[in-house]
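Everything on this sheet refers to the single structure shown next.
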Amino acid sequence: MAVHLAKGTRDFLPADMLARRQVVHTVQQVFERFGFEPLDTPVFERIETLTGKYGDEGEKLIYKILKRGEGGVRGEVDQALRYDLTVPLARVLAMNPDIRLPFRRYHIAKVWRADRPAKGRFREFFQCDVDIAGSSSPLADAECLAVLHTALNELGFKGFTIRLNDRRILADLAAAAGAKDSQSEKSFLVALDKLDKIGRAGVDGELAERGFAADAIETAWEALTPQADDAATLAYLGDKLGNRGKEGVAYLGQVRDAAIALGVDPARLTVDPTLARGLDYYTGPVFEATVDEPKVGSIAGGGRYDGLVGVFSKQDIPCVGVSLGLERIVTVMAELGMLPEAGPVAEVLVTVFSDDQLGDSLAAANALRAAGVRTEVYAGSPKLKNQFKHANARGYTWLVVVGPDEAAEGVVTLKNLRTGEQQRIAAAQAGARILESR
RNA sequence: GUGGGUGUAGCUCAGCUGGUUAGAGCGCCGGAUUGUGGUUCCGGAGGUCGUGGGUUCGAAACCCAUCAUCCACCCCA
């Protein structure tokens, strides 16, 4: 039968896994360096936990699970695969009121979206989230920016930009453009978000189509007049916007100052009032990281969501967090040649000379492993030639042969396949020799 | 969800306007005096031409459907 992967999914063969594991390891080290603690949650949640959090577009992308028994036959749904790691966190916070706040957690796990696959986009993918719960201070937002900045740096990214905006600024801009309700506000944001793609004229066209009046749009554009730098942009916006927008501007200024004090390179930060992020639950600052070289959209995104936990419990807990998209990071790193080539996990292949000599080979393998050397022992005993080919094809550096001569002397032949040199030494010494070559 | 492209050996692809036994490179397997690879030489295996219909004397090539995949839009990590 013809076999296919489910759309938008991938197998990770050993070479992929080794590269990905290294990326995850780096990210995890950075997360812990900032004091974030690990958390995991079930991959599926009750459906009502997830619905109503992601907007109409997002809602369609939730993978739903049919009920057991007759309910499944009737097409009823009671559970769904998690869409992100933020809503599960909010649920955990609501269910565990004794968690000491502020609480920092990281979560690296798979999420699922019934999206149409594209470059760097899958239906099953990993996110690496850090969030701080229980702090309304701009310092918490700044810490998230700092951890994001550090992680991207340590992964080796050179040309990335973190764009910043605030939901309150966007709300005022939408209002200026004539948005009357959250529906038209969202409509405005969707159009505005395309600015760098379709240009001002294009956005004007879209807004007109969406029913925005030309003179109102003009008012919004005035507030968006480009300024020399972030400080000027914030000052100018503060001047043009209403009270809500002013609040956002002031807050964003504090976040930015704190982030820079935490070591974030100011050249990497850009206040961009046209940055719109779709998720419904954001309330304050929103941010997004992009790389300029391969076009894969954003590689990380986040923001503040002060109302989400309150949806699940009486007590509101202000939260802010950022999510790194592992899939896109790996895609970009692969394209830029930032991932090292993975060799075999084992360092040495112990060949099997013949069935008669099997015991000697196994003893040699034991000695190597006892010495801490990652060792493959050839399963079987085809011609030595083929075992050599196997070692070479898999990229081994070291190879061990134990034939009758070696066995008689109580040694093994250790060969370096790169240089071609070989010597007869005791198995334990062979182990030491390999270890010192690491 | 909308529009467009692609689908031929394990991999990358060639097969002109339909015509007899479908090709190449790489890879794979075997061999070149019987304890040694990676180079070279010789030989070999391997394809229901995505799948199902249709047009035709005849289709990998034309038409329809379907599945898969890629690109753009939408949205997003």
Side-chain angles (χ1 to χ4, degrees), chain A residues 1-10 27 54-62 82-86 108-129 148 186 189-191 193-194 197-198 202 206 275-279 286-291 295-303 321-332 349 351-354 356-357 360-361 378 381-408 412-422 424:
Chain A
M1 82 186 263
V3 290
H4 294 286
L5 284 168
K7 193 193 282 287
T9 66
R10 296 185 301 169
V27 168
Y54 306 112
D56 292 340
E57 288 295 327
E59 190 107 2
K60 290 179 198 155
L61 304 182
I62 297 175
R82 63 185 170 209
Y83 177 95
D84 66 5
L85 302 174
T86 306
I108 300 175
K110 280 180 176 177
V111 301
W112 292 266
R113 295 183 192 174
D115 213 344
R116 183 139 185 177
K119 185 187 178 73
R121 182 204 282 175
F122 302 90
R123 288 184 167 179
E124 174 182 76
F125 59 100
F126 275 88
Q127 289 196 324
C128 312
D129 277 35
L148 169 62
K186 191 142 192 220
L189 297 184
V190 168
D193 193 40
K194 297 181 189 168
K197 212 173 226 172
I198 61 179
E206 282 232 12
L275 169 68
R277 300 206 83 237
L279 294 182
V286 289
F287 24 87
E288 196 166 283
T290 51
V291 286
K295 290 231 166 235
V296 291
S298 56
I299 58 171
V322 63
S323 175
L324 282 82
L326 182 63
E327 258 45 64
R328 289 187 177 177
I329 285 172
V330 169
T331 300
V332 172
L349 176 73
T351 59
V352 176
F353 189 84
S354 69
D356 290 343
Q357 236 65 48
D360 297 312
S361 287
Y378 199 102
S381 56
K383 291 186 191 169
L384 256 199
K385 178 179 188 141
N386 288 323
Q387 301 188 52
F388 268 73
K389 278 188 153 179
H390 175 77
N392 196 61
R394 294 217 57 204
Y396 281 107
T397 299
W398 299 100
L399 178 142
V400 161
V401 178
V402 196
D405 298 350
E406 288 87 347
V412 303
T413 291
L414 175 67
K415 175 159 184 167
N416 183 318
L417 291 171
R418 299 269 167 79
T419 65
E421 293 170 53
Q422 62 182 59
R424 290 190 175 184

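A, B, ... follow the sequence lines: proteins, then strands. Residue 1 opens every chain.
Using a 4.0 Å heavy-atom criterion, one finds that A:V111 contacts no nucleic acid atom at all. Here A:L417 lies in heavy-atom contact (under 4.0 Å) with a base. Across all strands shown, A:R424 has heavy atoms under 4.0 Å from base atoms, whether or not it also approaches the sugar-phosphate.
The distance between atom CG of A:D129 and atom P of B:A77, rounded to the nearest whole Å, is 10 Å. At whole-Å resolution of the value, NZ in A:K7 and P in B:C70 are 8 Å apart. Taking atom CD1 of A:I299 as the reference point, atom P of B:A77 lies 13 Å away to the nearest angstrom.
Here the nucleotide nearest the side chain of A:K415, chosen from B:C74, B:U36, B:C76, is B:U36. Closest approach to the A:E406 side chain among B:G35, B:C70, B:C74 is made by B:G35 (side chain taken as heavy atoms from C-beta onward). When distances run from any side-chain atom of A:F388 to the nucleotides B:G3, B:U36, B:G35, the shortest one goes to B:U36. The side chain of A:R116 sits closest to B:G1 out of B:A77, B:G1, B:C75. Among the nucleotides B:A77, B:G38, B:U36, the one closest to the side chain of A:K385 is B:U36. When the nucleotides B:C71, B:G37, B:A77 are ranked by their closest atom to the side chain of A:Q127, B:A77 comes out on top. Listed nucleotides: B:G30, B:U36, B:C75. Nearest to the side chain of A:N386: B:G30.
In terms of polar N and O atoms assigned as donor or acceptor, the side chain of A:N392 comes within less than 3.5 Å of the base of B:G37 in a complementary pairing. At a cut-off of 3.5 angstrom, the base of B:C76 holds at least one donor-acceptor pair with the side chain of A:R328. Judged by atom type and distance alone, A:Q387 does not reach the base of B:U36 through any side-chain donor-acceptor pair under 3.5 Å.
A:K60 has no side-chain polar atom (N or O) that falls below the 4.0 Å cut-off from OP1 or OP2 of B:C75.
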- Item | Dot-bracket summary - RNA chain B, pairs being Watson-Crick or G-U whose distances fall under 3.5 Å, with | when paired to another strand | (((((((..((((.....[...)))).(((((.......))))).....(((((..]....))))))))))))....
